[in-house]
Number of protein chains: 2
Amino acid sequence: MKPETAFGLALKTARSSKGFTQEQLALNSNLDRTFISMLERGQRQPSLTSILSISESLNIPAYELIRQTMEIMDKNNKS
Amino acid sequence: MKPETAFGLALKTARSSKGFTQEQLALNSNLDRTFISMLERGQRQPSLTSILSISESLNIPAYELIRQTMEIMDKNNKS
DNA sequence: GTGTAGACTAAGGTCGACA
DNA sequence: ATGTCGACCTTAGTCTACA
């Protein structure tokens, strides 16, 4: 499982659990709505600054989002 | 303080404390030596996959590297 | 409210060379 | 062993539009 895929899942899970729409998240983090969409579907990967602004918008520490991403990767273990 | 700058400091600190050279880290993480150099000096920012492969090479969980990056940002607090 | 597509600009990342 | 420079190619991220 690719990192992008895992991050996408972690992002979608976090966002939905906070009750945000992709649109709201995009606005709040100064990113494009279509980009958030692609991130969640694992078709793009974020840069450090995107990770930071997204997690700030979600009121989640960035390292937590990364940690969850890693957990998802470990679960679907193909190394 | 920019995220790139904080990450660069966190990276350099982690790498030196592990006793690796930039060259060794670059080789081990499949990145270019010059790029590692620019990262440490805060002139470039990494993508998610770079963060993951770098921290794996350093035997540090990626979320730890991010956490330390955030700590450095908070210390030099300009929001 | 979300996925996708195409076209675009900016930045990620490589490579060879020299101090 | 590291910084930098120039040229290069790839991908992050934007924007408009339509289902």
Side-chain angles (χ1 to χ4, degrees), chain A residues 1-66 68-70 72-73, chain B residues 1-60 62-63 65-66 68-70 72-73:
Chain A
M1 162 175 250
K2 284 183 173 180
E4 303 94 282
T5 312
F7 179 84
L9 289 173
L11 172 54
K12 179 160 194 166
T13 304
R15 177 182 61 81
S16 333
S17 83
K18 294 279 180 170
F20 289 114
T21 68
Q22 292 185 349
E23 268 175 331
Q24 291 171 329
L25 174 57
L27 261 169
N28 217 310
S29 52
N30 287 313
L31 289 172
D32 198 80
R33 204 215 84 217
T34 64
F35 185 55
I36 302 288
S37 174
M38 298 180 97
L39 283 180
E40 290 193 356
R41 302 183 59 82
Q43 293 177 355
R44 295 290 177 99
Q45 62 150 340
S47 66
L48 173 64
T49 53
S50 297
I51 295 171
L52 290 174
S53 61
I54 286 175
S55 48
E56 191 175 1
S57 295
L58 292 176
N59 293 313
I60 297 176
Y63 64 81
E64 258 306 318
L65 195 53
I66 299 299
Q68 288 161 16
T69 300
M70 295 172 72
I72 293 175
M73 287 184 73
Chain B
M1 161 175 252
K2 284 183 172 178
E4 304 94 282
T5 312
F7 179 83
L9 290 173
L11 172 54
K12 179 160 195 166
T13 304
R15 177 182 62 80
S16 334
S17 83
K18 294 278 180 171
F20 290 113
T21 68
Q22 291 184 351
E23 268 175 331
Q24 291 170 328
L25 176 56
L27 261 169
N28 216 309
S29 52
N30 288 313
L31 289 172
D32 198 80
R33 205 214 83 216
T34 64
F35 185 56
I36 302 288
S37 174
M38 297 180 98
L39 283 181
E40 290 193 357
R41 303 181 58 82
Q43 293 176 354
R44 295 290 178 97
Q45 63 151 341
S47 66
L48 173 63
T49 53
S50 297
I51 295 170
L52 290 174
S53 60
I54 286 175
S55 47
E56 191 174 2
S57 295
L58 292 176
N59 293 313
I60 297 177
Y63 65 81
L65 195 54
I66 299 299
Q68 287 161 16
T69 301
M70 294 172 73
I72 293 175
M73 287 184 72

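Nothing here was measured: the structure is a model prediction, and the numbers come from that model. Just so it is clear: chains get the letters A, B, ... in the order the sequence lines come, proteins before strands, and each one is counted from 1.
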Item to complete: State the CZ-CG distance between Phe20(B) and Asn59(B), to the nearest 0.5 angstrom.
Response: 6.0 Å
Given [N], is OP1 or OP2 found less than 4.0 Å from the side-chain N or O atoms of [X]?
X	N	result
Gln45(A)	dT11(D)	no
Gln24(A)	dG1(C)	no
Gln22(B)	dG3(D)	yes
Ser47(A)	dG13(D)	yes
Gln43(B)	dG3(D)	no

Identify the heavy atoms of [X] and [Y] that sit nearest to each other, and give their distance.
X	Y	result
Ile36(A)	Ser29(A)	CD1-OG, 4.5 Å
Met1(A)	Ala6(A)	SD-CB, 4.1 Å
Ser37(B)	Gln22(B)	CB-OE1, 3.7 Å

Quick one: [X] [atom1] to [N] [atom2], roughly how many Å, whole number?
X	N	atom1	atom2	value
Ile51(B)	dG12(C)	CD1	C1'	12 Å
Ile54(B)	dG12(C)	CD1	C1'	12 Å
Ile36(A)	dG3(C)	CD1	C1'	14 Å
Leu27(A)	dC15(D)	CG	C1'	14 Å
Asp32(A)	dG6(C)	CG	C1'	14 Å
Phe35(B)	dA11(C)	CZ	C1'	9 Å
Glu40(B)	dG13(C)	CD	P	15 Å
Leu25(A)	dG1(C)	CG	C1'	13 Å

Item to complete: Report the end-to-end axis angle of the helix from dT2(C)-dA19(D) to dA19(C)-dT2(D); each axis comes from five terminal pairs, and the value is rounded to 10°.
Response: 50°
Let me check something: any side-chain donor-acceptor pairs from residues 48-55 of chain B under 3.5 Å, sequence neighbours excluded? List them with distances.
from     : atom 1 : to       : atom 2 : distance (Å)
Thr49(B) : OG1    : Gln45(A) : OE1    : 3.2
Thr49(B) : OG1    : Gln45(A) : NE2    : 3.1
Thr49(B) : OG1    : Ser47(B) : OG     : 3.2
Ser50(B) : OG     : Ser47(B) : OG     : 3.3
Ser53(B) : OG     : Thr49(B) : O      : 3.2
Ser53(B) : OG     : Ser50(B) : O      : 3.3
Ser55(B) : OG     : Ile51(B) : O      : 2.7
Ser55(B) : OG     : Leu52(B) : O      : 3.2

Any residue meeting side chain to side chain contact (heavy atoms under 4.5 Å, CB included) with [X], in chain and number order, not counting sequence neighbours:
X	answer
Glu23(B)	Thr21(B), Arg33(B)
Ala10(B)	Leu65(B), Gln68(B), Thr69(B), Ile72(B)
Asn28(A)	Ser57(A)

Worksheet item: From the list dG1(C), dT14(C), dG3(D), which nucleotide is the closest neighbour of the side chain of Thr21(A)?
Response: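 Ranking dG1(C), dT14(C), dG3(D) by closest atom to the Thr21(A) side chain puts dG1(C) first.
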Worksheet item: Looking at dG3(C), dA1(D), dG1(C), which one has an atom nearest to any side-chain atom of Glu23(A)?
Response: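 It is dG1(C).
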Worksheet item: When you measure from every atom of DNA chain C, which of residues 2-16 of chain B have a heavy atom less than 4.0 Å away?
Response: none
Worksheet entry | Contacts of Gln43(B) that satisfy side-chain hydrogen bond (donor to acceptor under 3.5 Å, both in side chains) - sequence neighbours left out |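 Listed in chain order: nothing, the list is empty.
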Fill in: Asn30(A): side-chain hydrogen bond (donor to acceptor under 3.5 Å, both in side chains) partners, not counting sequence neighbours
none
Practice prompt. For each nucleotide in nucleotides 5-10 of chain D, reading 5' to 3', give B when a protein heavy atom comes within less than 4.0 Å of its base, S when such contact involves only the sugar-phosphate, and - otherwise.
Written response: ------
Item to complete: Would you mind listing every side chain to side chain donor-acceptor pair (under 3.5 Å) that reaches into residues 4-19 of chain A, with sequence neighbours excluded?
Response: Arg15(A)-Glu40(A)
Fill in: Contact nearer the 5' end of DNA chain D, comparing Phe20(B) with Met38(A)
Phe20(B)
Discussion item. Between the base of dG16(C) and the side chain of Arg33(B), is there a donor and acceptor pair under 3.5 angstrom?
Written reply: no
Worksheet item: Passes side chain to side chain contact (heavy atoms under 4.5 Å, CB included), Tyr63(B) versus Glu64(A)? Steps please.
Response: CA-CA 7 Å; Tyr63(B) 65 81; Glu64(A) 258 306 318; over 6 Å; no
